[in-house]
Amino acid sequence: MAKVVAVTGNEAVANALRQVNPDVCGIYPITPQTDMMQRYASFISNGKVDTEAILVESEHSSMSACIGASAAGGRVVTATSSQGLALMWEMLHIASGDRLPIIMPVVNRALSAPLNIHGDHSDAMGARDTGWIQIWSENGQEAYDNTIQAFRIGEHMDIRLPVMVCMDGFIISHSIERLEYLEDAAVKDFVGPFKNLFPLLDLEKPKSYGPLILTDLYHEYKRAQHEVMMKVKDVVLDVAKDFEKLSGRKYGLFEAYRLEDADIAVVILNSAAGTTKDVVDELRDKGVKAGLLKPRLFRPFPYEEMAEALKNTKAVCVMDRSDSFGGYGPLFMEVSSALYQMKNRPALINKIYGLGGRDYLPSHGEMVFNELAEIAAGGKIRACKEYIGVRE
Amino acid sequence: MSATLEIRWHGRGGQGTVTAAKVLADACLSGGRHVQAFPEYGPERAGAPLRAYNRVSSKELRMHCPVLNPDVVAVVDATLLDSINVAEGAREGAAFVVNTSRDPKEIRQKLKVGPSNKVYTVDATRIALDCFGRAMPNSPMLGALCKVTGLVSIEDLLEDVRKSFGKKFAQKVIDGNIEAARRGYEEVKEG
């Protein structure tokens with residue numbers, strides 16, 4: 001039987017990791033993730049898991065330790081946020097290039113400078129091109145469920161790639177919400193035993209990781225990384241199907257909320273998607289055909305599926321909680337690329353919201369939908385990219 | 001009150017306000033209800049004004065932003081009434097629960113709220129000092145909120161206080177807090 005609890009996002013994910021009981025965990029504190037690894041360290045100290053903790057002096061070292069442990073043949077996890085993820089940057093590429101299925105919850109937080117500890121997506125968006133699979137979560141339940149599924153996805157024998165599971169710093173990591181834990185045995189059974197592929201500790205068959213490859217084969221190696229990424233979508237959907245049987249909770253590549261017959265729609269990640277769903281319901285009650293699309297799998301990005309889901313809309317706003325200064329928001333760029341391949345496509349605008357934990361309120365969502373309704377009715381786009389919720 | 005009940009807590013760092021919101025959320029979990037408890041995170045300093053929030057609903061809670069239009073406003077430190085407008089955004093008919101030794105009628109005047117609003121007072125700091133010798137008003141405030149909102153029975157709330165405090169404190173402190181919560185429940189006054 002599932003157990004209903006009221007816990008924070010950090011506590012939920014720490015529990016998912018406890019239920020999986022990985023071999024090795026790299027631990028280094030950073031707000032707002034600290035509390036998750038602190039809880040996991042307690043599980044280790046109290047004998048709830050037999051994970052070997054590696055306490056390191058930086059996130060760069062943490063990821064390096066994880067890479068070593070994973071190549072040696074272990075099931076490996078760590079967690080981080082913000083500057084920590086930024087400091088890992090070099091090693092993130094090594095983890096994915098060496099095809100090591102390390103699982104890493106990322107508690108999304110703004111990047112310095114100026115120093116800010118609150119939630120936005122700048123950290124994980126900065127890791128977009130590191131070759132990691134990225135799965136995003138609206139709330140504590142999704143972060144818990146996605147963490148469990150991440151092991152099956154990353155460790156799949158056709159995939160063998162590291163996975164980041166993202167959730168919003170503070171808004172989710174430190175908020176208590178009702179969620180359901182699966183049984184320990186059910187999670188263990190779902191994830192299954194870790195299967196090794198080319199472990200360094202198999203001394204009978206010596207092998208080398210990360211050798212020098214110059215102009216002869218590097219190009220092909222990178223194409224192979226892209227090709228394996230293209231297989232991830234199917235695995236994500238297969239794993240989601242199995243997970244639904246276990247939990248009753250349905251997951252896809254993204255969530256389409258009241259989108260089927262929508263004229264106007266918002267594309268938005270994580271916790272703000274929940275707030276926006278309530279706005280969609282209010283608009284629907286007034287007869288406005290509003291809908292929402294919440295991406296779940298960001299890398300690889302489901303371009304065709306998303307274009308298909310948005311094809312009947314007239315105007316769409318992609319909302320980014322991070323920015324590419326001098327460019328568009330990173331989510332906007334993806335959705336824009338997806339829609340460009342269609343002959344008939346909706347008008348598309350980009351709003352930047354909620355940086356450094358600035359509150360995203362229902363009134364912001366309403367404002368965006370009102371603008372979309374005007375555009376859908378033939379109104380002009382006044383600005384393709386705009387900051388909202390700004391103090392003037 | 002609507003299907004979703006929204007509570008805004010006003011306190012100062014070090015008074016256990018955030019813990020109170022957490023305990024309330026846990027206690028409200030019964031009966032398949034959905035709950036949220038979250039503080040507003042600023043620099044964590046003892047004595048600094050802070051807010052915390054609860055939502056309790058029979059429906060799934062998807063809203064992830066501060067409570068702007070509370071049904072219940074809990075003021076854990078009455079000195080805040082002089083510096084901030086705790087009534088800001090409060091819904092028509094919202095209830096105010098204030099930790100003070102003063103009369104609810106006097107507090108009503110200070111809050112400048114309309115006739116549809118209910119104003120309650122409880123001398124939570126005095127109760128806390130009586131029961132466990134520390135000016136930590138969160139447990140009696142929880143008892144008072146339990147009475148005012150009717151969200152949970154006092155027995156369920158006390159069980160949750162026992163559970164939440166049991167992890168951290170000695171038996172004497174736990175017993176004192178349980179007694180304090182019960183007295184908060186019994187002594188809260190409407191005016």
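Each chain gets a letter, A, B and so on, in the order the sequences are listed, and its residues count up from 1.
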Novice: Between atom CG of B:Asn177 and atom CZ of B:Arg134, what is the distance when rounded to the nearest 0.5 Å?
Specialist: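 Separation between the atoms: 9.0 Å.
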
Novice: Could you walk me through whether B:Asp77 and B:Leu80 pass the side-chain contact (heavy atoms from CB on, under 4.5 Å) test, one step at a time?
Specialist: CA-CA 6 Å; B:Asp77 189 316; B:Leu80 290 167; 4.1 Å; yes

Novice: Do we see a donor-acceptor contact under 3.5 Å between the side chains of B:Trp9 and B:Asn54?
Specialist: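 The criterion, which ignores hydrogens and geometry beyond distance, is satisfied for B:Asn54 and B:Trp9.
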
Novice: Using non-hydrogen atoms and a 4.5 Å limit, figure out which bit of A:Asp359 sits close to chain B: side chain, backbone, both or neither.
Specialist: side chain

Novice: Step by step, would you call A:Asn15 with A:Gln19 a side chain to side chain donor-acceptor pair (under 3.5 Å)?
Specialist: CA-CA 6 Å; A:Asn15 250 292; A:Gln19 292 178 313; 5.4 Å; no

Novice: Can you tell which part of A:Asp281 gets under 4.5 Å to a heavy atom of chain B, answering side chain, backbone, both or neither?
Specialist: side chain

Novice: Locate the shortest heavy-atom distance separating B:Pro137 from B:Asn99; write the atom from each residue and the value.
Specialist: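 Smallest heavy-atom distance, with atoms named: CB-ND2, 3.5 Å.
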
Novice: Could you tell me whether A:Lys48 sits above the aromatic face of A:Phe43, with NZ or CZ closer than 6.0 angstrom to the six-membered ring centre and within 45 degrees of the axis?
Specialist: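 No; the conditions do not both hold, so A:Lys48 does not lie above the ring face of A:Phe43.
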
Novice: Please determine whether a side-chain nitrogen of the Lys or Arg among B:Arg91 and B:Asp71 lies less than 4.0 Å from a carboxylate oxygen of the Asp or Glu.
Specialist: yes

Novice: Assert yes or no for the condition that the ring centre distance of A:Tyr181 to A:Tyr144 is strictly below 6.0 Å.
Specialist: yes

Novice: With chain A as the partner chain, list the residues of residues 33-40 of chain B whose heavy atoms fall under 4.5 Å from it, by residue number, and write 'none' if nothing qualifies.
Specialist: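 So the qualifying residues are B:Arg33, B:His34, B:Val35, B:Gln36, B:Ala37, B:Phe38, B:Pro39.
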
Novice: For A:Val7, which atoms come within 4.5 Å of any heavy atom of chain B: side chain, backbone, both, or neither?
Specialist: neither

Novice: Can you check whether anything in residues 165-177 of chain A gets within less than 4.5 Å of chain B, heavy-atom wise, and list it by number?
Specialist: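 Only A:Phe170, A:Ile171, A:Ile172, A:His174, A:Ser175, A:Ile176, A:Glu177 of residues 165-177 of chain A have a heavy atom under 4.5 Å from chain B.
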
Novice: Is the positively charged end of B:Arg8 above the ring of B:Tyr53, judged by distance under 6.0 angstrom from the centroid and angle within 45° of the axis?
Specialist: no

Novice: Can you spot which of A:Asp323, A:Asn108, A:Leu269 makes a side chain to side chain contact (heavy atoms under 4.5 Å, CB included) with A:Met125?
Specialist: A:Leu269

Novice: Taking only Lys NZ, Arg NE, NH1 and NH2, and the carboxylate oxygens of Asp or Glu, determine whether A:Asp120 and A:Arg321 approach each other closer than 4.0 Å.
Specialist: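 No.
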
